[in-house]
Amino acid sequence: KHFKTKTVNDFNFKKILLEYNKQKIKNNLFDYSDLLFKLLFLLEKHPQKLSKVRNKIDLLMLDESQDTDILQWSLVLLLISHKKAVVVGDLAQTIYKFRYADPSKFSKEFLSKFFKNVVEFELPINYRSTENIVRFGNLIRAIKDDKELQAIPHKDTVKGSVTITKLNNQTQEGQYISQLIKEHLEKGYKLRDITVIARTNMYLKSVVETNMIKSNIPYRFATKSQGRTFNKRDSNLLYINLLNLVLNPKNIIAIGELSGYLYGIGPALQDKISKHLLNNASNTLKSIPTTKTNEITALTKYSLMLKELNTLNIRLTKGLSLSELLEALETLTIKYVTRGIISEREKKTIHKTINTFVAYYKDETQVSELSEMLEMLLIEINDFSNEEEKDAVTLASVHSQKGLSQPISIVAGFTSHKELEDELQDEHDILYVQVSRAEKHLEVITSDTYISKDAKHRKGVVNKWLRKSLQKINN
């Protein structure tokens with residue numbers, strides 16, 4: 001039933017899945033679901049092995065139970081059906097339905113089928129957030145008739161604050177976020193106390209990061225472990241800058257960094273390029289002051305390369321495939337990049353790495369457009385030295401913040417080109433998770449426009465649950 005799309009008749013999914021599994025067996029590969037499924041299969045078929053594993057478990061605690069899918073439940077219940085279990089969750093925080101999480105299984109009725117004595121405890125007291133933040137979260141919960149799930153502020157908590165700001169467009173949102181961060185710093189907070197949470201990574205990259213750079217505010221992206229050492233080599237840094245420019249040909253940071261890998265551009269000219277771009281806030285190389293023939297030649301050639309990258313950006317919006325993109329980038333490196341920067345073996349490794357990441361995103365997220373997957377990749381491979389100790393604002397997608405909290409949460413990016421709501425994606429619960437990460441201060445920022453891929457402000461649709469919440473407050 002999950003394959004009901006407009007093009008369902010164009011595909012034989014059974015045939016595709018059989019061939020997919022055949023190829024995995026042939027190449028001795030597992031995908032992410034296989035890791036669970038194969039383990040479940042082995043334990044069911046080998047009772048002695050199952051018994052050995054079970055005997056090592058006295059009690060199993062399952063957290064975030066509302067986001068557990070049927071395959072995960074099957075494995076958990078197989079391991080502990082004869083033992084003790086503590087199952088913890090919050091039905092108002094179900095945000096993984098697109099992975100087929102089934103919150104209905106998080107119930108006394110379901111668990112009683114597997115355990116003799118199921119005792120249910122309610123945990124209504126919120127020890128994380130201040131009173132006003134808890135009340136705002138309850139308001140969002142009540143809109144969906146979740147009144148039985150109302151949280152109670154801890155008796156020793158202070159009031160805290162919730163501020164809602166409506167602006168004209170997302171450019172103003174980005175500027176205002178930077179302003180808010182500076183105001184909280186003046187009040188004595190540290191950068192690490194502040195997290196900006198958005199629905200998508202695209203918003204963080206296109207709206208928030210730009211203003212972090214302009215305002216000279218240190219920041220880091222909240223990521224998983226993948227890719228944190230990818231940019232240790234020149235060859236990888238080369239591709240990082242190429243991808244940045246394919247996604248945004250006006251990225252002056254990437255233009256400056258990429259120049260250091262090209263024929264005829266040494267450290268002195270690269271420094272001149274970077275300073276010119278930053279001082280003039282321009283992505284053109286035409287007005288860089290030089291009278292040296294070799295520098296003029298190198299700049300002319302670099303301008304041609306930037307034009308080709310701009311063409312790739314346009315093709316990306318029209319359906320350029322990943323294989324076509326990688327082939328084009330390989331041609332550019334042969335044509336423009338200094339010999340010795342990247343070997344054929346390194347190119348193959350990088351291409352394989354990029355393909356692996358994109359395949360991972362297709363499997364683990366709802367993102368389908370190549371440009372968005374590349375944005376996610378660039379976030380993942382940003383290396384922040386001493387990441388945990390670094391005093392920096394955290395930029396995070398809502399899914400990366402599950403189970404976490406911070407003194408100050410700035411939540412934004414609620415406007416998109418269409419209403420985001422379907423059976424696999426509960427925007428109500430996603431909104432609740434966003435606003436409930438804050439401990440002391442919650443800043444909610446919204447506007448009626450979004451920035452389209454052609455960098456224009458367009459009238460959009462604000463998250464309907466936020467709209468309803470704000471209407472209730474106004475009434």
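Side-chain N or O atoms of Q23 include none that pairs as donor or acceptor with a backbone N or O of E19 at under 3.5 Å. T210 places no side-chain N or O within 3.5 Å of a backbone atom of V207 that could act as its donor or acceptor partner. For the pair R467 (side chain) and V462 (backbone), a donor-acceptor distance under 3.5 Å is present. Judged purely by atom type and a 3.5 angstrom limit, E346 uses its side chain to pair as donor or acceptor with the backbone of S343. Side-chain N or O atoms of N251 include none that pairs as donor or acceptor with a backbone N or O of L245 at under 3.5 Å. The main-chain N or O of L17 is found under 3.5 Å from a side-chain atom of N21 such that the two form a donor-acceptor pair. The main-chain N or O of V398 is never found under 3.5 Å from a side-chain atom of R199 such that the two would form a donor-acceptor pair. The main-chain N or O of G89 is never found under 3.5 Å from a side-chain atom of S65 such that the two would form a donor-acceptor pair.
In terms of the side chain to side chain contact (heavy atoms under 4.5 Å, CB included) criterion, residue partners of N126 (sequence neighbours excluded) are, by chain and number, R128, S129, V134, A151. Residues that satisfy the side-chain hydrogen bond (donor to acceptor under 3.5 Å, both in side chains) test with D271, not counting sequence neighbours, are K275. K272 is linked by a salt bridge (Lys or Arg N to Asp or Glu O under 4.0 Å) to E295, counting only residues two or more places apart in sequence or in another chain. Listed by chain and residue number, D31, D34 satisfy the salt bridge (Lys or Arg N to Asp or Glu O under 4.0 Å) test with K24 (two or more places apart in sequence, or in another chain). S447 meets the side-chain hydrogen bond (donor to acceptor under 3.5 Å, both in side chains) test with E173; sequence neighbours excluded. Under the side-chain hydrogen bond (donor to acceptor under 3.5 Å, both in side chains) criterion, T300 pairs with no residue, sequence neighbours left out. Checked against side-chain hydrogen bond (donor to acceptor under 3.5 Å, both in side chains), Q270 has no partners two or more places apart in sequence or in another chain. For T94, the side chain to side chain contact (heavy atoms under 4.5 Å, CB included) partners are Q66, D67, K97, P103, D429, not counting sequence neighbours. With sequence neighbours left out, H399 forms a ring-ring contact (aromatic ring centres under 6.0 Å, His included) with Y96, F98. Residues passing the side chain to side chain contact (heavy atoms under 4.5 Å, CB included) test with T297, sequence neighbours excluded: T293. With sequence neighbours left out, the side chain to side chain contact (heavy atoms under 4.5 Å, CB included) criterion links T165 to T163, L167, Y176.
Taking CG from L378 and CD from E209, the interatomic distance works out to 9.5 Å, rounded to the nearest 0.5 Å. Atoms OH and OH, from Y336 and Y302 in turn, are 11.5 Å apart once rounded to the nearest 0.5 Å. The CG atom of N241 sits 10.0 Å away from the CD1 atom of I255 when rounded to the nearest 0.5 Å. Within the model, atoms CG of L370 and CD of E375 stand 10.5 Å from one another, a figure rounded to the nearest 0.5 Å. If you take CD1 on I140 and NE2 on H428, they are separated by 7.0 Å, rounding to the nearest 0.5 Å. Considering CD1 of I164 and OG of S469, their distance stands at 8.0 Å, rounded to 0.5 Å.
Open room surrounds NZ on K159; 12 or fewer heavy atoms of other groups in view lie less than 6.0 Å from it. Within 6.0 Å of OH in Y189 there are more than 12 heavy atoms belonging to other residues, nucleotides or ligands.
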Go through it in stages, so that I can follow the logic: the residues are D90 and E64, the test is side-chain contact (heavy atoms from CB on, under 4.5 Å), and I'd like the CA-CA distance, side-chain angles, deciding distance and then a yes or no. CA-CA 7 Å; D90 183 351; E64 305 289 1; over 6 Å; no

Evaluate the criterion side-chain contact (heavy atoms from CB on, under 4.5 Å) for residue pair I265 and L262; output intermediate values, then yes/no. CA-CA 6 Å; I265 298 180; L262 308 182; 4.2 Å; yes

Could you walk me through whether D448 and K166 pass the salt bridge (Lys or Arg N to Asp or Glu O under 4.0 Å) test, one step at a time? CA-CA 9 Å; D448 290 330; K166 177 78 179 292; 3.3 Å; yes

One pair to check against side-chain contact (heavy atoms from CB on, under 4.5 Å): N169 and Q172. What are the steps and the verdict? CA-CA 6 Å; N169 55 58; Q172 290 184 2; 3.5 Å; yes

Step by step, work out the side-chain contact (heavy atoms from CB on, under 4.5 Å) result for V444 and F414. CA-CA 10 Å; V444 181; F414 294 104; 3.9 Å; yes

Going by atom type alone, with no hydrogens or angles, which donor-acceptor pairs under 3.5 Å involve a side-chain atom of residues 325-335 and a protein atom two or more places apart or on another chain?
unit_1, atom_1, unit_2, atom_2, d
T331, OG1, E327, O, 3.1
T333, OG1, E330, O, 2.6
T333, OG1, K347, NZ, 3.0
K335, NZ, E308, OE2, 3.0

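Nearest heavy-atom pair across A412 and I177 is CB-CD1, 4.1 Å. S397 approaches N201 most closely through the heavy-atom pair CB-OD1, 3.7 Å. Looking at every heavy atom in both residues, T130 comes nearest to S161 through OG1-N, 4.3 Å. What you find for A222 and A396 is that their closest heavy atoms are CB-CB, 3.7 Å. Contact detail for L395 and M212: the closest heavy-atom pair is CD1-CG, 4.4 Å. Between L316 and S371 the shortest heavy-atom distance is CD2-CB, 3.8 Å.
With contacts defined as side-chain heavy-atom distances shorter than 4.5 Å, the pair S178/I217 qualifies. Side-chain contact check for L62 versus T68: some heavy-atom pair is nearer than 4.5 Å. Counting heavy atoms from C-beta outward, M373 and L377 have side chains that stay 4.5 Å or more apart. Using a 4.5 Å cut-off on side-chain heavy atoms (C-beta onward), N310 and V246 make no contact. I194 has its side chain within reach of I410: a pair of non-hydrogen atoms, C-beta onward, lies under 4.5 Å apart. Contact annotation: the side chain of I430 never approaches that of W465 to less than 4.5 Å [non-hydrogen atoms, C-beta and beyond]. Looking at heavy atoms from C-beta onward, Y100 lies out of side-chain contact with L71 at the 4.5 angstrom threshold. Residues L242 and L309 meet the side-chain proximity criterion, which asks for heavy atoms closer than 4.5 Å.
A side-chain N or O of R220 and one of T394 form a donor-acceptor pair less than 3.5 Å apart. With no hydrogens or angles considered, a side-chain donor-acceptor pair links Q179 and E183 at under 3.5 Å. At a cut-off of 3.5 Å, with distance as the only test, a side-chain donor of Q406 or Q401 sits close to an acceptor on the other residue. There is no side-chain donor-acceptor pair under 3.5 Å between Y432 and Q93. A donor-acceptor contact closer than 3.5 angstrom is absent between the side chains of R135 and N138.
Ion pairing between K464 and E427 fails under the 4.0 Å rule for side-chain N and carboxylate O.
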